[in-house]
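First the proteins, then the strands, lettered A, B, ... as listed; each starts at 1.
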Amino acid sequence: MRNKITKILENALNVSMRKGQLPEVSLPYIEVEAPANPDHGDYAANAALILASQAKQNPRKIAQIIQENISDPENIIEKTQIAGPGFVNFFLKDALWHEALKNIDEQNEKYGSIDQGGGKKVQVEFVSANPTGPLHIGHARGAVVGDVIANLLMSAGYRISKEYYINDAGNQMNNLGKSVLLRYRELTGEKIEFPETCYRGDYIKEISGEILSREGDKYLKSNEEETIRYFTSIAGQEILEEIKIDLRDFGVTFDEYFSEKELYKNDGVTRLLDKLQKQGFIYSDGETLWFKTTDFGDEKDRVVIRKNGEPTYFAADIAYHLNKFSRGFEMIIDIWGADHHGYMPRMWAGIQALGYDKNALKIILVQLVNLLRGGVPAAMSTRSGEFVTLREVLDEVGKDAARYNFLMRRSDSHLDFDLELAKKQSSENPVYYVQYAHARICSILKMAQDRGVDPPVYADIDPALLDLPEEKKLIKLLVRYPETIFGAARSLEPHRVTFYLNELAGVFHSYYNKNKVISEDQRLTAARLFLVKAIRIVLQNALKILGVSAPEKM
RNA sequence: GCGCCUGUAGCUCAGCUGGAUAGAGCAACGGACUUCUAAUCCGUGGGCCGAGAGUUCGAAUCCCUCCAGGCGCACCA
């Protein structure tokens with residue numbers, strides 16, 4: 001709908017210029033917005049205001065020229081007006097809104113799917129936590145944001161692959177194996193001093209216990225290095241399985257799990273370094289190899305091969321990103337915790353050195369979560385082993401409320417997550433507000449059916465009966481849904497969908513309280529049932545993108 | 001010290017790549033259930049958009065300088 005207006009406007013501008021009424025100027029971006037105030041029309045354009053300085057003319061004068069040159073071949077415009085400092089406001093014909101309602105019904109679960117991406121291959125990488133322990137609340141936010149961005153882009157016509165990068169090669173993994181070994185020894189009666197670097201959670205003890213009961217105490221005498229390697233792989237696998245289960249119950253699934261170890265097996269890192277060397281981005285200081293990331297605006301160069309001959313995490317990470325591109329992805333999205341923001345310039349340096357556009361790698365920073373319980377900070381230290389896991393949050397507040405809460409803020413805004421609030425089934429908890437709207441509609445439709453009223457089809461209703469201001473507002477809001485998806489996908493901002501849902505639910509609840517859908521008037525009932533059905537379609541589609549269920553009863 | 005993020009109503013936050021009178025939820029107060037679900041609705045109050053200067057027709061939004069909070073500044077991941 002907005003696109004149609006944009007076209008008309010574009011056309012009017014071109015005509016004005018051709019006639020010489022406006023000087024030839026370039027307009028980079030034609031903005032058409034749905035104004036907050038209904039008096040300002042259904043859509044409003046600020047083109048005249050933007051052109052004013054370039055064209056050196058009074059904006060209202062320009063608006064007038066534009067208005068005079070508007071042609072409307074499809075006959076969709078009721079009227080236009082010039083208002084304020086030079087806005088051109090468009091009022092559309094009612095028939096257009098009725099058409100839109102029909103369209104929603106026809107498209108049904110496809111409504112809101114748009115062809116923005118044109119099938120472009122995009123990869124979203126997120127979570128990517130070391131398999132050294134269960135996921136905690138901090139990972140949860142990134143998991144939801146990544147998952148929903150992926151859903152959004154899918155709706156917007158991109159081909160999406162969701163990937164989890166398993167950091168299963170570094171020191172941390174070694175510490176994991178060591179931790180399991182120490183617990184193992186402890187279980188056989190040895191007195192153990194645990195170093196700071198070790199993981200202390202109960203899950204370590206469980207894994208040690210399993211090994212002990214399955215294989216006995218033979219590893220007490222084995223070569224320590226080999227044992228640690230073995231324990232690392234056992235523990236890593238087991239923990240990863242737990243992580244997958246937690247994610248699945250959280251509604252998050254992946255298309256690929258990519259192992260850092262595989263990268264080394266295939267010489268990915270060596271080949272990457274050769275490539276960079278040939279391009280002249282690598283230099284040696286005698287002991288270590290450096291990558292000239294400063295050539296691309298990083299504040300200092302970065303080590304890629306350490307003094308001990310081992311590649312750094314960074315080296316592997318560039319190799320990994322090269323691997324992503326070589327798999328044919330045209331755009332790559334990384335979801336990171338905000339504490340990694342300092343890492344961005346060197347990552348961009350990496351891909352630019354390899355000849356890729358900086359814009360091909362989008363990095364979404366997700367701010368840390370401030371976990372509260374009834375307003376008081378809840379303890380969250382990994383060291384002591386006393387942290388709130390994703391599993392605990394799931395068990396306590398449930399998937400829907402947890403996901404919704406994480407989607408209520410912009411990603412780069414700090415988030416207070418209050419466990420007490422999130423599980424409260426009250427008006428303080430917005431997830432129910434939206435779900436309740438859906439349940440209510442289901443209830444209405446069921447009631448209609450019980451009374452022998454069939455779900456209406458468009459041909460049998462008179463949409464002109466939907467002429468209350470609230471009804472028009474609802475229809476216009478429904479039309480804005482695909483536009484919301486467009487904006488959210490373009491800016492990679494899932495919270496926009498959440499805010500949209502809240503607004504839609506709000507307008508519906510208000511309408512519901514004031515008006516009866518089912519009444520003695522059969523024609524009116526049919527029309528309203530049709531409207532309410534359309535609202536349900538949008539609620540379902542949007543909730544699906546958020547990965548939140550749409551219950552029929554509450 | 002340097003870099004990134006944040007600062008909007010009592011609290012938690014939106015504000016759609018510069019637009020029309022700055023919004024929502026919660027909290028507070030007052031109302032609405034013999035009616036399709038009261039997990040809802042209606043109404044009231046509440047603001048120097050952190051501060052200051054600048055850019056222009058126009059700034060919460062962009063530039064600069066401060067102030068405050070968070071997070072980074074490894075041959076860790």
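Looking at heavy-atom distances under 4.0 Å, Asn174(A) makes no contact with the nucleic acid at all. Within the 4.0 angstrom heavy-atom criterion, no nucleotide atom of any strand lies near Asn58(A). Among the protein residues, Ala488(A) comes within range of no part of the nucleic acid, since none of its heavy atoms lies under 4.0 Å from any strand. Within the 4.0 angstrom heavy-atom criterion, no nucleotide atom of any strand lies near Ala437(A). Among the atoms of the strands shown, only primed sugar atoms or phosphate atoms (P, OP1, OP2) are found under 4.0 Å from some heavy atom of His509(A). At the heavy-atom level, Ala44(A) lies under 4.0 Å from base atoms of the strands shown. In this structure, Met554(A) reaches the bases: a heavy-atom distance under 4.0 Å links it to at least one base atom across the strands shown.
Going from atom CZ of Arg302(A) over to atom P of rA77(B) covers 14 Å, rounded to whole Å. Atom CH2 in Trp290(A) sits about 10 Å away from atom P in rA74(B), given to the nearest Å.
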With the criterion being N/O to N/O and under 3.5 Å, what pairs connect the protein with nucleotides 55-62 of chain B, and how long is each?
{"from": "rC57(B)", "atom 1": "N4", "to": "Leu49(A)", "atom 2": "O", "distance (Å)": "3.1"}

With 3.5 Å as the limit, what N/O pairs link the protein to nucleotides 5-15 of chain B?
{"from": "rC5(B)", "atom 1": "O2'", "to": "Gln367(A)", "atom 2": "NE2", "distance (Å)": "3.3"}
{"from": "rC5(B)", "atom 1": "O2'", "to": "Asp412(A)", "atom 2": "O", "distance (Å)": "3.0"}
{"from": "rU6(B)", "atom 1": "OP1", "to": "Arg410(A)", "atom 2": "NH2", "distance (Å)": "3.1"}
{"from": "rU12(B)", "atom 1": "O2'", "to": "Arg409(A)", "atom 2": "NH2", "distance (Å)": "2.3"}
{"from": "rC13(B)", "atom 1": "OP1", "to": "His414(A)", "atom 2": "O", "distance (Å)": "3.0"}
{"from": "rC13(B)", "atom 1": "O5'", "to": "Arg409(A)", "atom 2": "NE", "distance (Å)": "3.2"}
{"from": "rA14(B)", "atom 1": "OP1", "to": "Arg410(A)", "atom 2": "N", "distance (Å)": "2.9"}
{"from": "rG15(B)", "atom 1": "OP1", "to": "His495(A)", "atom 2": "NE2", "distance (Å)": "3.2"}
{"from": "rG15(B)", "atom 1": "OP2", "to": "Arg410(A)", "atom 2": "NH1", "distance (Å)": "3.2"}

Just the atom pairs and distances: protein N or O near nucleotides 28-35 of chain B's N or O, under 3.5 Å.
none

Nucleotide N/O to protein N/O under 3.5 Å, stretch nucleotides 42-44 of chain B:
{"from": "rC42(B)", "atom 1": "OP1", "to": "Ser510(A)", "atom 2": "OG", "distance (Å)": "3.0"}

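Nearest nucleotide to the Arg451(A) side chain, out of rC75(B), rG19(B), rC36(B): rC36(B). Distance from the side chain of Glu299(A) is smallest for rC73(B) among the nucleotides rC73(B), rC36(B), rA20(B).
Comparing Tyr433(A) and Gly84(A) by the nucleotide of RNA chain B that holds the closest heavy atom to each, the one mapping nearer the 5' end is Gly84(A).
Taking 3.5 Å as the limit, the base of rG72(B) and the side chain of Asp339(A) contain no donor-acceptor pair of atoms between them.
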Exercise. Given pairs defined as Watson-Crick or G-U wobble with both distances under 3.5 Å, what dot-bracket annotation applies to RNA chain B, with ( ) intrastrand, [ ] crossing, | other strand and . unpaired?
Worked result: (((((((..((((.....[...)))).(((((.......))))).....(((.(..]....).))))))))))....
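For the residue pair Gln172(A)/Thr132(A), the side-chain donor-acceptor check at 3.5 Å is not satisfied.
Residues that satisfy the ring-ring contact (aromatic ring centres under 6.0 Å, His included) test with His495(A), not counting sequence neighbours, are Phe499(A).
Regarding contacts with the backbone of rU17(B), a side-chain N or O of Arg490(A) is found under 4.0 angstrom from either OP1 or OP2.
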